[in-house]
Amino acid sequence: MKEYKVEGHVSSYLPKNKNWQLVWNDEFDGTELDTTKWGFRKYFWGKLSPTFTDEGVEVCGDSTMKINLIKKGDDYYSAHLQTGSLTFDKPRPDGVKTFWSFGKKEKPKFMHKFGYYEIRCKLPKNDGWHAAFWLQAPGIGTHPDPAQCGVEVDIMENYRQATEGKIICGCGWNGYLPGESKWYGHFSFPYVETDDGWHTYAVDWTEDGYIFYADGKEVGRQMAPECAVSKVEQFILVSTECHGYNRAFANESSDASSAGDAKVWGGKPVESLKKAILPDCFTVDYVRVFDEV
């Protein structure tokens, strides 16, 4: 890996076999989230999420950002940041009579194709919620060729960290219908703590496939033709999710009727989340995107 210096901030270390140019970044300077770069995901597949929130995001004044785990009464909340949005998330507005099934599309704040996507972060400590850094496309799964509608690229997910000491990454495409959805098979690799608690996770996305990195080391690659490769612009997500609400985690979706409203996802916090010791947070130093020159 070779150093790429960013003035006033920690350097990035990028694959040394290429020349790179920084094309988009957030160093989280200042004291407020830059809403020209980030929006909040509040809906989950057409229904209002009972756990996603626009609260608890803290830009700390030291060039870091925290997504905090929030408890209110018996329920838990955390934010899900994104630079674009999934078309299927927004429900059709009440009173609008049309055959179109979705709500008004949001204008993306940042979409990009190919390049090196990197985050530097400290991960949550408690089980029952997880953090992720990933890429998605607005119309994923809507075309027979995933190259034309996007691939879910999970650069880092830590939901196995507390129970198995593992971090995972990998790709999925063809939407999310059982029997049609394709998952290459996520890599899992040991979570090894660093001296200062900071970690970097990244992917090098090219026309040939995806190479995943953790703390400057390659942890896996998924390449064409075995892995579908997106040829369309995708958006970035820096997300957290409290388990037990939008879905029974890693199984089937939760019953919306339990919330008393078919437009709202149901569910209650999993038992492990109820044992969480607060405060807990997902801390991010930077998010950067580089193009090969």
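Computed over heavy atoms, backbone and side chain alike; hydrogens, waters and symmetry mates excluded. Computed from a predicted model, the values in this text were never measured in an experiment.
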- List for me each residue that meets salt bridge (charged side-chain N to carboxylate O under 4.0 Å, His left out) alongside D196, sequence neighbours excluded, and say none if there are none.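 For D196 the salt bridge (charged side-chain N to carboxylate O under 4.0 Å, His left out) partners, ignoring immediate neighbours, are R120.
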
Applying side chain to side chain donor-acceptor pair (under 3.5 Å), name anything that partners [X], two or more places apart in sequence or on another chain.
| X | result |
| --- | --- |
| S11 | E3 |
| N158 | Q161 |
| K107 | none |
| K42 | D54 |

By side chain to side chain contact (heavy atoms under 4.5 Å, CB included), which residues pair with [X], not counting sequence neighbours?
| X | result |
| --- | --- |
| R92 | V96, T98 |
| E58 | C60, K66, N68 |
| E233 | M111, K113 |

- Message: Between D29 and S63, do the side chains contain a donor N or O and an acceptor N or O under 3.5 Å apart?
- Response: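 Side chains of S63 and D29: pair found under 3.5 Å.
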
Expected list for residues 210-217: side-chain donor-acceptor pairs under 3.5 angstrom, two or more places apart:
{"unit_1": "Y210", "atom_1": "OH", "unit_2": "S230", "atom_2": "N", "d": "3.0"}
{"unit_1": "D215", "atom_1": "OD1", "unit_2": "T200", "atom_2": "N", "d": "2.9"}
{"unit_1": "D215", "atom_1": "OD2", "unit_2": "H199", "atom_2": "ND1", "d": "3.0"}

- Query: Could you give all pairs that pass the ring pair (Phe, Tyr, Trp, His ring centres under 6.0 Å) test and reach residues 50-96, with sequence neighbours left out?
  - Reply: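 Sorted pair list: W45-F88, F52-H80, F88-F102.
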
- Message: Under the side-chain hydrogen bond (donor to acceptor under 3.5 Å, both in side chains) definition, can you give me all pairs with a residue in residues 170-179, not counting sequence neighbours?
- Response: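 Pairs touching residues 170-179 that pass the test: Q136-Y176, E152-Y176.
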
- Message: Same cluster or not: I119 versus L135, using hydrophobic residues (I, L, V, M, F, W, Y) connected whenever any side-chain heavy atoms lie under 4.5 Å apart?
- Response: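 I119 clusters together with L135.
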
Could you pull out all donor-acceptor pairs under 3.5 Å where a side-chain atom in residues 142-149 meets a protein atom, sequence neighbours excluded?
{"unit_1": "T142", "atom_1": "OG1", "unit_2": "G139", "atom_2": "O", "d": "2.5"}
{"unit_1": "H143", "atom_1": "ND1", "unit_2": "D145", "atom_2": "N", "d": "2.9"}
{"unit_1": "D145", "atom_1": "OD1", "unit_2": "A147", "atom_2": "N", "d": "3.0"}

- Whether E164 side chain and K166 backbone form a donor-acceptor pair below 3.5 Å: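 Side chain of E164 to backbone of K166: no pair is present.
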
